[in-house]
Asker: 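Have a look at this one before I ask anything.
Below, chain A is the first sequence line, B the second, and so on; all start at residue 1.
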Amino acid sequence: MSPIIETRGLSKRFGSHQALDQVDLSIPPGTIGLLGPNGAGKSTLIRCLLQLQDKDSGTASLLGQDIDRHGREARKRIGYAPEQDCHIPGMAGCEYVTYCAQLSGLPFAAARQRAHEMLDFVGMGQERYRKVETYSTGMKQRIKIAQAIVHDPQLVFLDEPTNGLDPKGQAMILELIERIWKESGISVVLSSHLLHDVDRICDQIVIVAQGRVLVHDRLEELKRRRKPVAEVVVHDRVSELVAAFARHGWPSEVLSNGHIQVAHGHDNLNPMIAFLRDQRVAPLEIKSSPNALQALFLQALQNQGVVA
Amino acid sequence: MSALSHGYQHWTGQSTSLWQRRLTITRTGLRLCWQSRLLKVVFAIAWVSALGLMAFYFFVGQLLTPDSSVVGMITENLGKRAQTIVNGLSAWILLYPEVSVDGLYRVVFSIAGSLYGILGFFAVALFVPKLISHDLSSNAILIYNSKALTRFDYLIGKFGIAFTLIGLVCLAPLVAVWCVGNLLSPDWRFFYHGFPALLRMLTVSGIGTITLSLLALAISSLVKRTKAAEASWILFWIISTMIANASGKFVPWGRYLSPANCLDQISRHIYNLGGVMEDAKAMLPFFNSLFERLPRRNPLTVVPPTDSLWLPVLFLAGIWALCVFAISKRVQTE
């Protein structure tokens, strides 16, 4: 499968700050989670790829087209929903999306029809006839997604799309993003610092920190390579159980919420259940690899010395 | 029904060309600017005054028409002296159409062009924030730059908005006056004799429209707030003219620091009204005595250009280059 994003030695510096440092990437189609702490270089990477910012060195291609030579043509097949609010003052929602479609090369009649289809797709009703500046945060996020996919791109960049939303709004946007890939086959690059969002909908992970790519792999593969961990919740006998795990060769620790985290090293929980039965312990709950992505994320940062 | 129950449909169709996408920016911008009621008033003033000029040319045409009821009315109401003047003017126009028609258009275009320039200045003050300022303050610039456009495509589209609006106030009414004025004339040769004046007007108004458009874009790209953009536009002209006039007292070229002074000098060179007056005096002694009897300072006084043409042209080119540089720097995504 040919990569949708390919970079070689991509670098960008802002004064003394190295925002991107020799980034090499080759990303196949799918849903890609771009993770990293604040200031890691996620947004800069997206902006350099979309030529919203000039890169200092290196090469990049999107959908097989070199951005230096065919940037404008490549962007015809790419959508982008930026993190911050952006609208054209004085325009109603449907006018705005129609206009964005026209800017991407759709004739007016097709643009208007597509705009209404995409506004239906993102779940916007009569509010599409209101001016965009009067929209709530959730509506603004949805209209940003609508304008990003209105021209039927092959790749869409979504920068922190769940920012500022309540849990219900977040769930709705995540469901929408999931559908973009599953129903339309549009590859999605989701930049977020919310690991839960990424864990839920992405099949590939790129972890960026200090302008460098620390990890890039399929999420399932990353989880598989990681030493399996389980979280055991018991009513009492906590210290006794920790000692039993240690004797069995399974390192464990008691978390601040009283749960015991055990590195059992098996693909499934059956050995753990058997061990607890032998110990005559009736657990309240056993969770397999809870917060796996968070652990992976922290582990990647620790390995690179980004966090202590 | 779930809000997300609508399925995704792919689009398969022919994309529009790059120029059509640029034109989309212009067309949409024009529609947004046209929502201003005050701008409509400025347009109405420009076109109503153009109708007045058309009426003037209709009147001139009537002077040359034998048995015209307009001439009859003049001679009846204003007496023999008026009839003599009318006859003299008619004879002059008919004898020397290559000078009289051209000269008349040059005088009218020169005076009307200055007034339309002022009208254009007010029109720009009304729409200048809607060019780039609003896009910068609402982050719309990010959307434009992420589409299949470059920042120069965006600027071409925005330049189209400014040029069209200013052109409709400053340029189009004068072109309409020329067309209708010649259509109402009694002789088709007037089109031929009036053509050099049209070219002069197109050159002067074209340069003026481009200058106003570029300056409007530059001011709009430098200021994000609506009121600040309007105020900056007005202050720019006042301050630049003051600085230019003050520095002109020390160094002769200093007066060209103001685009207004550059445009004024270019206009004087191109219309060359002094030449028109000299030709008129040489051909008809009546004009000689008429001009000598007028007070030294009068509305018809022709102020000749003070320098050669290249100096204001050079400064104006510099101002254009500065504008393009400032705009292209400012419309980058921050």
Side-chain angles (χ1 to χ4, degrees), chain A residues 47 50-54 71-82 84-91 95-96 99-108 110-111 113-114 117-125 132-133 144 147-152 157 172 175-176 179-180 183-186, chain B residues 1-29 31-36 127 129-154 157 224-226 331-334:
Chain A
R47 282 163 172 249
L50 292 171
Q51 294 184 303
L52 300 173
Q53 222 136 38
D54 293 332
R72 187 163 45 198
E73 285 308 301
R75 285 201 300 278
K76 242 185 197 175
R77 299 185 290 146
I78 288 163
Y80 174 52
Q84 58 269 59
D85 280 351
C86 47
H87 61 272
I88 293 161
M91 274 194 184
E95 284 178 305
Y96 172 59
Y99 183 48
C100 287
Q102 286 182 278
L103 293 179
S104 299
L106 270 72
F108 175 71
Q113 189 186 335
R114 282 284 300 176
E117 283 173 12
M118 287 309 106
L119 287 164
D120 288 340
F121 183 74
V122 300
M124 288 193 77
V132 180
E133 47 263 45
K144 273 197 282 183
Q147 67 78 27
I149 58 173
V150 68
H151 54 293
D152 194 22
F157 290 93
M172 191 143 184
E175 186 189 343
L176 184 62
R179 287 183 61 205
I180 291 174
E183 283 187 20
S184 65
I186 298 173
Chain B
M1 188 177 71
S2 161
L4 298 180
S5 62
H6 301 276
Y8 185 92
Q9 300 286 319
H10 283 288
W11 178 70
T12 47
Q14 190 69 40
S15 284
T16 53
S17 69
L18 181 58
W19 275 104
Q20 281 174 301
R21 298 204 292 277
R22 289 168 177 167
L23 203 64
T24 298
I25 298 176
T26 302
R27 214 171 28 228
T28 308
R31 192 166 51 77
L32 290 174
C33 288
W34 193 243
Q35 289 169 356
S36 162
F127 70 75
K130 292 183 178 172
L131 290 173
I132 298 176
S133 303
H134 283 181
D135 289 344
L136 288 172
S137 60
S138 66
N139 283 321
I141 204 88
L142 205 58
I143 293 295
Y144 283 105
N145 288 346
S146 68
K147 300 292 175 196
L149 298 163
T150 62
R151 98 180 92 126
F152 292 103
D153 301 325
Y154 169 80
K224 283 186 181 179
R225 290 178 184 276
T226 304
V331 298
Q332 282 180 11
T333 314
E334 288 170 9

Asker: What part of A:Q147 is in contact with chain B, defined as an atom under 4.5 angstrom from a non-hydrogen atom: side chain, backbone, both or neither?
Answerer: both
Asker: If you count heavy-atom pairs under 4.5 Å between each of A:A81, A:P82, A:G71 and chain B, which one has the most?
Answerer: A:P82
Asker: To the nearest 0.5 Å, what is the distance between SG (A:C86) and OH (B:Y144)?
Answerer: 11.5 Å
Asker: Check whether any side-chain heavy atom of B:N139 sits under 4.5 Å from a side-chain heavy atom of A:Q84, and report yes or no.
Answerer: yes
Asker: If you count heavy-atom pairs under 4.5 Å between each of A:G105, A:A110, A:G79 and chain B, which one has the most?
Answerer: A:G105
Asker: Can you find a heavy atom in the side chain of B:L32 that is under 4.5 Å from one in the side chain of A:M91?
Answerer: yes
Asker: Got a second to check how far B:L142's CG is from A:D85's CG, nearest 0.5 Å?
Answerer: 11.5 Å
Asker: Mind checking whether B:K147 and A:R72 have side chains closer than 4.5 Å, heavy atoms only?
Answerer: no
Asker: May I ask you to test the A:E95-B:R31 pair for a side-chain heavy-atom distance under 4.5 Å?
Answerer: yes
Asker: Pick one of side chain, backbone, both or neither for A:I149, based on which atoms fall under 4.5 Å of a heavy atom in chain B.
Answerer: both
Asker: With a 4.5 angstrom heavy-atom cut-off, is it the side chain or the backbone of B:Q20 that approaches chain A, or both, or neither?
Answerer: neither
Asker: Is chain A contacted by the side chain of B:I25, its backbone, both, or neither, given a heavy-atom distance below 4.5 Å?
Answerer: both
Asker: Can you tell which of A:A74, A:P89, A:S104, A:G185 has the highest number of heavy-atom pairs within less than 4.5 Å of chain B?
Answerer: A:P89
Asker: Can you check side-chain contact (heavy atoms from CB on, under 4.5 Å) on A:Q102 and B:T16, steps first, answer last?
Answerer: CA-CA 8 Å; A:Q102 286 182 278; B:T16 53; over 6 Å; no
Asker: Pick from A:G125, A:A148, A:P107: which one has the most heavy-atom pairs with chain B under 4.5 Å?
Answerer: A:P107
Asker: Taking it one step at a time, do B:R21 and A:K76 satisfy side-chain contact (heavy atoms from CB on, under 4.5 Å)?
Answerer: CA-CA 12 Å; B:R21 298 204 292 277; A:K76 242 185 197 175; 3.4 Å; yes
Asker: For A:I88, does its backbone N or O pair with a side-chain atom of B:S138 as donor and acceptor, under 3.5 Å?
Answerer: no
Asker: Quick one: pull up OG in B:S146 and CZ in A:R75 and give me the separation to the nearest 0.5 Å.
Answerer: 8.0 Å
Asker: Examine whether an atom of B:L149 lies under 4.5 Å from a heavy atom of chain A, and if so say whether it belongs to the side chain, the backbone or both; otherwise answer neither.
Answerer: both
Asker: Compare all side-chain heavy atoms of B:I143 with those of A:Y96 and state whether any distance is below 4.5 angstrom.
Answerer: yes
